[in-house]
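Shown next, in structure tokens, is the structure this report addresses.
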Amino acid sequence: MTLSLNIGNLFNDSSSHALVDELRKRTSEEDILNFEEKFNSKNDKNLHIYICRFLKNRSISRGLASKWLITIINSKESKIDALQKIK
């Protein structure tokens with residue numbers, strides 16, 4: 001059985017292009033995480049949802065998407081590890 005998540009149109013075309021441009025501009029890990037934090041605080045859906053949707057629609061390269069997703073996931077994992085050490 002296949003399960004598909006249909007997020008629908010998240011942005012209009014110009015907003016999508018603007019977000020992709022923002023993703024391309026950020027190169028350092030710190031810039032990526034700062035942008036993600038700001039984006040997630042101002043939007044209903046988290047940035048990783050948009051990145052995955054862009055990847056599915058081939059709006060961004062696999063390299064760019066993987067860079068962002070790996071950075072986001074590594075950050076979340078390190079926060080989880082830090083919290084587990086506190087216990």
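Predicted model, so just to flag it, every value in this text is computed and none were measured.
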Q | Sub-4.5 Å side-chain heavy-atom contact between Asn43 and Lys45 | A | no

Q: Heavy atoms only: give me the nearest Arg24-Leu64 pair and the separation to one decimal.
A: CG-CD2, 3.6 Å

Q. Taking Ser75 for the side chain and Thr71 for the main chain, is one N or O donor matched with an acceptor at less than 3.5 Å?
A. no

Q | N/O donor-acceptor pair under 3.5 Å between Trp68 side chain and Ile51 backbone | A | no

Q. Would Leu19 and Leu69 show up in the same hydrophobic cluster when neighbours are defined by side-chain heavy atoms closer than 4.5 Å?
A. yes

Q: Give a yes or no on whether Asp44 atom CG has more than 12 heavy-atom contacts from other residues, nucleotides or ligands under 6.0 Å away.
A: no

Q. Quick one: salt bridge (charged side-chain N to carboxylate O under 4.0 Å, His left out) partners of Asp81, sequence neighbours excluded?
A. none

Q | Distance, nearest 0.5 Å, that separates NZ of Lys67 from CG of Leu23 | A | 10.5 Å

**Q.** Hphob cluster co-occupancy, Phe39 + Phe54, side-chain heavy atoms under 4.5 angstrom
**A.** yes

Q.
Nearest 0.5 angstrom please: Glu77 CD to Ile70 CD1, how far?
A. 10.5 Å

Q) Which pair of non-hydrogen atoms, one from Ser59 and one from Val20, has the smallest distance, and what is that distance? A) O-CG1, 4.2 Å

**Q.** Residues forming a salt bridge (charged side-chain N to carboxylate O under 4.0 Å, His left out) with Lys25, sequence neighbours excluded
**A.** Glu22

Please output the side-chain donor-acceptor pairs of residues 30-37 that fall under 3.5 Å, not counting sequence neighbours, one pair per line with the distance.
residue : atom : partner : partner atom : Å
Asp31   : OD2  : Ser28   : OG           : 3.3
Asn34   : ND2  : Glu30   : O            : 3.3
Glu36   : OE2  : Asn40   : ND2          : 3.3
Glu36   : OE2  : Lys76   : NZ           : 3.1

Q: Any chance you could lay out the side chain to side chain contact (heavy atoms under 4.5 Å, CB included) test for Asn46 and Ile72, step after step, and finish with the verdict?
A: CA-CA 11 Å; Asn46 287 336; Ile72 291 169; over 6 Å; no

Q) After noting the C-alpha distance and the side-chain angles of Ile49 and Cys52, does the key distance pass the side chain to side chain contact (heavy atoms under 4.5 Å, CB included) rule? A) CA-CA 5 Å; Ile49 299 293; Cys52 290; 6.0 Å; no

Q. Any side-chain heavy atom of His48 within less than 4.5 Å of one from Ile73?
A. no

